[in-house]
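What you are looking at is a predicted structure, and each value in this text was computed from that prediction instead of being measured. Below, chain A is the first sequence line, B the second, and so on; all start at residue 1.
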There are 2 protein chains.
Amino acid sequence: MSKHAKEMEILKEHLEKHQLKFTRQRELILDAFLKQEHITAEEMYHQLARKDPHLGLATIYRTLNLFCEAGLAQARHFGTQTQYDNVSHKGHHDHLICTGCGKIVEFENCDIERLQEEVATKNGFTITTHRLELYGLCTRCRH
Amino acid sequence: MSKHAKEMEILKEHLEKHQLKFTRQRELILDAFLKQEHITAEEMYHQLARKDPHLGLATIYRTLNLFCEAGLAQARHFGTQTQYDNVSHKGHHDHLICTGCGKIVEFENCDIERLQEEVATKNGFTITTHRLELYGLCTRCRH
DNA sequence: ATTCTTTTTGATATAGCTTATCAATTTCAA
DNA sequence: TTGAAATTGATAAGCTATATCAAAAAGAAT
């Protein structure tokens, strides 16, 4: 049994509900995906090339998008590429992005998360995930 | 004299500092850009086609990127396209998005904004803008 | 296990957005 | 006015992501 049993179950439920099939590739990609906080399709393609040299890039894209629909992943457009975030990673980190040099700093702030919950509750929402990106200039680029 | 004198001045200073030139196209594009909250290069291309049918798309891209370097604009990758945000536009609202029915609720929360500033300062950043999206289920979709 | 229908895959073509190239033009300081 | 340097416009090229489609795999029914 895989160590990602819970997420595998979520995937299987989603597949069943939508009359989709559980394939070797989907299992392989999910396992690899859950080991990271976030990854691009291209990166995963190279990572998995060793385990399965015939795994196609299109399959990776399709599968990562499937994960998004199943609620396991979240797509984020970063620069020219799409980052797929691992939603199960609890320490959901947010990003500080320097618009000068592109530097990215990750951070976590419980107070902000608590306030987010408040806002959601006030509007009748139950949050499953969120995205927070702060854009600005880092110390070096300000000068 | 244009009604965007202040921004025009910022641009001119940036040009001077980097030994770049003030051109008819740059003036035209800045004027059009400042009239909006955000715009894509393609949209601007069509907007300006009437005023100057020979204005090239590449020039628009180059110029909008120049505005980013000058601090007047900010690129944001949305789906497959790049949105160029008008930084001078202050009123920034955030979004609550229902993953069930797609409903979007706008909100504003000063406390969250204040905490964002704190985080940024702690990391040496100066924020120019941000993006906060909360994903979840609205009251109706939860049942 | 075999059959059969439906989905998925892999390879590649295609689409869509952005940048690179380069000759001709424009800017601007001397 | 002149001339060096930057900019422009047109288009080619680059990149990422999706569409296409024949072949393969999954899974239910037999």
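The CZ atom of B:R76 sits 16 Å away from the C1' atom of C:dC17 (whole-angstrom rounding). Atom CG of A:L15 and atom C1' of D:dA28 are 16 Å apart (whole Å). When the C1' atom of C:dG16 is taken as reference, atom CD of B:Q81 falls 9 Å away, rounded to whole Å. The CD atom of B:E27 sits 16 Å away from the C1' atom of C:dC28 (whole-angstrom rounding). Atom P of nucleotide D:dA25 and atom CZ of A:R26 are separated by 15 Å, given to the nearest angstrom. The distance from atom CG of A:L66 to atom P of D:dA17 is 17 Å, rounded to the nearest whole Å. Summarising the geometry, the separation between CG on B:L11 and C1' on D:dT7 is reported as 14 Å, rounded to the nearest angstrom. In this structure, B:M44 atom CE and C:dT18 atom P are separated by 13 Å, rounded to whole Å.
Residues A:Y45 and B:Q83 each lie close to DNA chain C; by heavy-atom proximity, the contact nearer the 5' end of the strand is made by A:Y45. Each of B:Q25 and B:A41 lies near DNA chain C, and the nucleotide nearest B:A41 is the one positioned closer to the 5' end.
A side-chain N or O of A:Q74 and one of A:T129 form a donor-acceptor pair less than 3.5 Å apart. A donor atom on one side chain and an acceptor atom on the other are not found under 3.5 Å apart for A:E13 and A:H18.
Taking a cutoff of 4.0 Å between a charged side-chain nitrogen and a carboxylate oxygen, A:R24 and A:D52 qualify as a salt bridge.
Across all strands shown, A:Q19 has heavy atoms under 4.0 Å from sugar-phosphate atoms exclusively, and none from any base. Nucleic acid contact for A:T40: none, since no nucleic acid atom lies under 4.0 Å from a heavy atom of the residue. Heavy atoms of A:R62 sit under 4.0 angstrom from at least one base atom. Among the heavy atoms of the strands lying under 4.0 Å from A:L20 are primed sugar atoms or P, OP1, OP2 only; no base atom is included.
In this structure, the side chain of B:D85 does not engage the main chain of B:V87 through any donor-acceptor pair within 3.5 Å.
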Exercise for review: List the steps and the verdict of ring-ring contact (aromatic ring centres under 6.0 Å, His included) for A:H38 and A:H93.
Suggested key: CA-CA 11 Å; A:H38 45 73; A:H93 59 255; 5.6 Å; yes

Exercise for review: I would like to know whether A:T82 and A:R76 meet side chain to side chain contact (heavy atoms under 4.5 Å, CB included); could you show each step before the answer?
Suggested key: CA-CA 6 Å; A:T82 300; A:R76 189 163 39 82; over 6 Å; no

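Of the candidate nucleotides C:dT12, D:dA26, D:dT8, C:dT12 has the atom nearest to the side chain of A:A58. For A:R24, taking side-chain heavy atoms from C-beta onward, the closest of the listed nucleotides D:dT16, C:dT19, C:dG10 is C:dG10. Distance from the side chain of A:K21 is smallest to C:dT6 among C:dT6, D:dT18, D:dA5. Among the nucleotides C:dG10, D:dT7, D:dT16, the one closest to the side chain of A:L55 is C:dG10.
Taking only side-chain nitrogens and oxygens, A:T80 never comes nearer than 4.0 Å to OP1 or OP2 of C:dT18. Neither OP1 nor OP2 of C:dT18 sits under 4.0 Å from any side-chain N or O of B:N65. Contact between the side-chain N/O atoms of B:Y61 and the OP1/OP2 oxygens of C:dT18 is found at a separation under 4.0 Å. Considering only side-chain N and O atoms, B:T23 lies nowhere under 4.0 angstrom from the phosphate OP1 or OP2 of D:dT7. Checking the phosphate oxygens (OP1, OP2) of D:dT16, no side-chain nitrogen or oxygen of A:H77 falls inside 4.0 Å. Contact between the side-chain N/O atoms of B:H54 and the OP1/OP2 oxygens of D:dA10 is found at a separation under 4.0 Å.
Under the side-chain hydrogen bond (donor to acceptor under 3.5 Å, both in side chains) criterion, A:Y135 pairs with A:E133, not counting sequence neighbours.
In this structure, the helix from C:dA1-D:dT30 to C:dA30-D:dT1 shows an angle of 30° between the axis at its start and the axis at its end, each fitted on 5 base pairs and rounded to 10°.
Dense packing is recorded around CD of A:Q36, with more than 12 heavy atoms of other residues, nucleotides or ligands lying under 6.0 Å away.
Put simply, OG1 on A:T23 and CG on A:L15 are 8.0 Å apart, with the number rounded to the nearest 0.5 Å.
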